[in-house]
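Structure below; questions to follow.
Counting starts at 1 for both ligands and their atoms, following the listed order. By convention here, the first residue in the shown sequence is residue 1. Note that the structure is predicted; figures quoted are calculated from it, not measured.
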Amino acid sequence: MSIGIDKINFYVPKYYVDMAKLAEARQVDPNKFLIGIGQTQMAVSPVSQDIVSMGANAAKDIITDDDKKHIGMVIVATESAIDNAKAAAVQIHNLLGIQPFARCFEMKEACYAATPAIQLAKDYIEKRPEEKVLVIASDTARYGIQSGGEPTQGAGAVAMLISHNPSILVLNDDAVAYTEDVYDFWRPTGHQYPLVAGALSKDAYIKSFQESWNEYARREGKSLSDFESLCFHVPFTKMGKKALDSIINDADETTQERLTSSYEDAVYYNRYVGNIYTGSLYLSLISLLENRSLKGGQTIGLFSYGSGSVGEFFSATLVEGYDKQLDIDGHKALLNDRHEVSVEDYESFFKRFDNLEFDHDTEQSNDDTSIYYLERIQDDIRQYHRPE
Ligand code: COA
């Protein structure tokens with residue numbers, strides 16, 4: 001019996017800022033952002049795209065009418081919740097028209113939550129072979145204008161349909177999680193932006209990776225040569241590379257070359273999107289699947305990390321014909337057809353994002369052509385545009 005990712009898709013808003021221009025505006029050497037951090041463009045959210053609309057936009061293309069009848073659970077992983085009580089999964093369930101007898105809830109542990117969500121989904125459907133679970137990772141990464149974390153912002157969502165006999169990846173029974181109480185990144189209730197200890201967050205990430213990987217290798221009797229590629233949580237593309245470099249010398253030369261070159265394919269999309277928090281690992285997975293030539297039966301190792309902190313190393317096996325399930329042209333078009341905004345316009349979008357009232361029809365940039373978008377916030381209730 002195999003359970004795993006049957007379908008996967010991502011959505012990013014249609015605006016981005018050029019990182020070299022952001023560096024110039026901040027009077028920083030552009031190479032710090034382009035090479036030191038490893039980001040070329042950063043997705044910018046208009047006010048009309050929040051975690052609900054982005055999540056629905058990511059899921060809509062992979063959910064058929066038949067899936068809607070069989071989805072028994074919708075889980076949204078996020079660390080940029082728009083409500084402290086009501087789960088975004090409830091609104092997404094409604095927007096997508098999923099059958100009503102479903103469990104819908106939100107999960108949180110910084111950038112990690114989509115990983116326990118897919119593991120929970122796997123356990124849930126083990127005894128319910130007819131059911132499917134929709135897992136959505138959706139976030140708007142915001143540290144603040146001119147803050148230390150500003151170059152590592154972004155926005156976007158990844159949707160995954162977890163089922164029996166998956167068409168893309170089988171999730172293996174080998175996950176190892178590592179928890180350590182550390183204040184590297186956190187957002188106390190009431191704070192608009194996270195607090196972050198930048199240098200500590202990089203060290204905590206690498207330590208969590210090494211602990212998870214070493215324990216995984218010990219328990220499973222595996223070494224790096226067993227993996228065709230490794231995918232990492234990618235807050236910025238240099239971060240996963242640092243983690244990979246920290247263990248790469250344990251591998252033979254062929255494995256080193258393979259894992260290093262596949263890392264570049266795995267972070268290609270992330271380089272043009274930025275940090276999407278919970279979805280970053282899974283955007284990287286899509287990037288790997290769509291930019292590297294792989295074969296059914298090959299094993300991919302995945303490292304998920306959420307500050308605070310929890311890390312998890314697990315593996316998945318590619319299904320023969322997985323590539324037929326991917327929308328490679330659609331994804332390239334989504335990224336390439338975005339509009340560049342000036343640093344000034346990015347700042348203006350950013351400042352309006354937390355408005356408690358909003359009306360799409362009177363908003364300056366009321367040209368959101370996505371299928372789902374925030375139409376208005378009135379009396380603290382969010383209303384979304386949806387297809388007829
Ligand atoms: N050319 C090339 N590289 C340059 C450079 C230049 N002109 N100037 C600086 N760099 C390099 C630095 O050497 C450093 O590389 P290293 O980490 O390999 O040493 C890198 O660019 C970043 O420089 P740093 O001084 O560490 O930047 P910073 O103090 O502005 O902080 C972050 C960077 C990522 C810590 C900060 O943006 C942040 O806090 N982000 C949010 C938290 C986060 O994403 N944490 C990750 C774990 S979850």
Side-chain angles (χ1 to χ4, degrees), residues 17 19-43 77-80 108-115 137 139-156 177-187 191-213 231-248 260 263 267 270-271 273-284 302-313 346 350:
V17 70
M19 292 301 281
K21 292 180 186 162
L22 182 63
E24 275 165 37
R26 301 296 178 248
Q27 297 177 327
V28 169
D29 180 348
N31 282 339
K32 175 175 174 184
F33 291 179
L34 300 174
I35 300 166
I37 285 174
Q39 291 301 132
T40 305
Q41 295 172 354
M42 183 171 89
T78 189
E79 56 180 301
S80 43
K108 175 184 73 179
E109 172 25 49
C111 300
Y112 167 67
T115 299
D139 270 300
T140 310
R142 287 155 55 78
Y143 289 88
I145 292 170
Q146 300 199 27
S147 66
E150 186 181 37
T152 59
Q153 299 179 135
Y178 172 79
T179 294
E180 186 174 351
D181 188 3
V182 48
Y183 271 92
D184 57 337
F185 167 109
W186 66 111
R187 183 153 73 92
H191 280 241
Q192 200 172 9
Y193 306 125
L195 303 171
V196 57
L200 175 63
S201 74
K202 290 195 276 189
D203 293 346
Y205 177 116
I206 289 173
K207 182 177 178 211
S208 185
F209 168 62
Q210 291 178 343
E211 294 284 352
S212 316
W213 161 249
C231 279
F232 292 81
H233 166 51
V234 187
F236 50 97
T237 68
K238 197 69 177 297
M239 188 67 246
K241 182 70 169 48
K242 278 175 181 292
L244 177 62
D245 287 349
S246 78
I247 57 159
I248 196 78
T260 304
Y263 179 81
V267 297
N270 304 68
R271 191 179 293 279
V273 172
N275 193 359
I276 60 167
Y277 285 163
T278 50
S280 295
L281 167 63
Y282 299 96
L283 179 65
S284 179
L302 298 105
F303 174 65
S304 179
Y305 178 74
S307 291
S309 68
V310 186
E312 183 162 328
F313 192 92
Y346 140 69
F350 191 97

- Query: With atoms numbered from 1 as shown, which atoms in ligand 1 lie under 4.0 angstrom from a non-hydrogen atom of Lys238?
  - Reply: 18 (O)
- Item | Shortest protein contact, atom 41 (C) of ligand 1 (heavy atom only) | Thr152 OG1, 3.3 Å
- Message: For ligand 1, which is the ligand I care about here, please tell me if Tyr305 has any N or O atom under 3.5 Å from one of the ligand's N or O atoms.
- Response: no
- Looking at atom 39 (O) of ligand 1, what's its closest protein heavy atom, distance included? Gly198 CA, 3.5 Å
- Of Glu150, Lys32, Lys242, the one whose closest heavy atom lies nearest atom 9 (C) of ligand 1 is Lys32
- Message: Test your reading of the structure: does Asp29 have an N or O sitting under 3.5 Å from an N or O of ligand 1?
- Response: yes
- Message: Strictly inside 4.0 angstrom of atom 6 (C) of ligand 1, do you find any protein heavy atom?
- Response: yes
- Task: Have a look at ligand 1 and work out which part of Phe236, if any, has a heavy atom under 4.0 Å from it: side chain, backbone, both or neither.
- Result: side chain
- Where is the nearest protein heavy atom to atom 14 (C) of ligand 1: which residue, which atom, and how far? Gly36 O, 4.5 Å
- Task: Show the numbers, then the answer: is there a side chain to side chain donor-acceptor pair (under 3.5 Å) between Thr152 and Asn275?
- Result: CA-CA 6 Å; Thr152 59; Asn275 193 359; 5.3 Å; no
- Query: Who's the nearest protein heavy-atom neighbour of atom 48 (S) of ligand 1, and how far?
  - Reply: Ser307 OG, 3.9 Å
- Message: So which atom in Pro30 and which in Ala23 form the shortest heavy-atom distance, rounded to 0.1 Å?
- Response: CA-CB, 3.6 Å
- Please report the shortest heavy-atom distance between Glu150 and Gly144, naming the atom on each side. CB-O, 3.6 Å
- side chain to side chain contact (heavy atoms under 4.5 Å, CB included) between Phe209 and Ser246, worked out: CA-CA 9 Å; Phe209 168 62; Ser246 78; 4.2 Å; yes
- Partner of Phe313 by ring-ring contact (aromatic ring centres under 6.0 Å, His included), out of Trp213, Tyr178, Tyr112: Trp213
- Message: Could you walk me through whether Phe185 and Leu200 satisfy the side chain to side chain contact (heavy atoms under 4.5 Å, CB included) test, starting with their C-alpha distance in whole Å, then the side-chain angles of each, then the deciding distance to 0.1 Å, before giving a yes or no?
- Response: CA-CA 9 Å; Phe185 167 109; Leu200 175 63; over 6 Å; no
- Identify, by atom number and element, the atoms of ligand 1 in contact range of Ser201, meaning under 4.0 Å from any of its heavy atoms. 42 (C), 43 (C), 45 (N), 46 (C), 47 (C)
- Task: Mind running side chain to side chain contact (heavy atoms under 4.5 Å, CB included) on Tyr346 and Ile145 for me, showing each step along the way?
- Result: CA-CA 9 Å; Tyr346 140 69; Ile145 292 170; 4.2 Å; yes
- Does Lys202, backbone or side chain, put an N or O under 3.5 Å from an N or O of ligand 1? yes
- Query: What protein heavy atom sits nearest atom 33 (C) of ligand 1, and how far off is it?
  - Reply: Ile37 CD1, 4.3 Å
- Message: I'd like to check which ligand 1 atoms, numbered from 1 as shown, lie under 4.0 Å from a non-hydrogen atom of Asn31.
- Response: 1 (N), 2 (C), 3 (N), 6 (C)
- Message: Is the distance from the ring center of Tyr205 to that of Phe232 below 6.0 Å?
- Response: no
- Message: Looking at Thr237, is its backbone amide N or carbonyl O close enough to the side chain of Gln39 to form a donor-acceptor pair, meaning the two atoms are under 3.5 Å apart?
- Response: yes
- Heavy-atom closest pair (Ala114 atom, Ala77 atom, distance to 0.1 Å) is N-CB, 3.3 Å
- Where ligand 1 meets Pro235 - atom numbers and elements under 4.0 angstrom, heavy-atom basis: 44 (O), 46 (C)
- Message: For the OH atom on Tyr193, are there more than 12 heavy atoms of other groups (residues, nucleotides or ligands in this structure) within a distance under 6.0 Å?
- Response: yes
- Message: Looking only at protein heavy atoms, which one is nearest to atom 37 (O) of ligand 1, and what is the separation?
- Response: Gly148 O, 2.9 Å
- Task: Just jot down the ligand 1 atoms closer than 4.0 angstrom to any heavy atom of Gly149, in number order.
- Result: 37 (O), 38 (C), 40 (N)
- Grab the two heavy atoms, one from Val310 and one from Ser208, that are nearest each other, plus how far apart they are. C-OG, 4.2 Å
- Tyr143 heavy atoms within 4.0 Å reach ligand 1 at atoms 41 (C), 42 (C)
- Task: Kindly state if atom 20 (C) of ligand 1 has a protein heavy atom within a strict 4.0 Å cut-off, that is, under 4.0 Å?
- Result: yes
- How are the rings of Phe303 and Tyr305 set to each other: parallel, tilted or perpendicular (split at 30° and 60°)? parallel
- Taking N or O atoms only and a 3.5 Å limit, does Tyr205 qualify as a polar contact for ligand 1? no
- Protein residue, atom and distance nearest to atom 42 (C) of ligand 1, heavy-atom basis: Val196 CG2, 3.6 Å
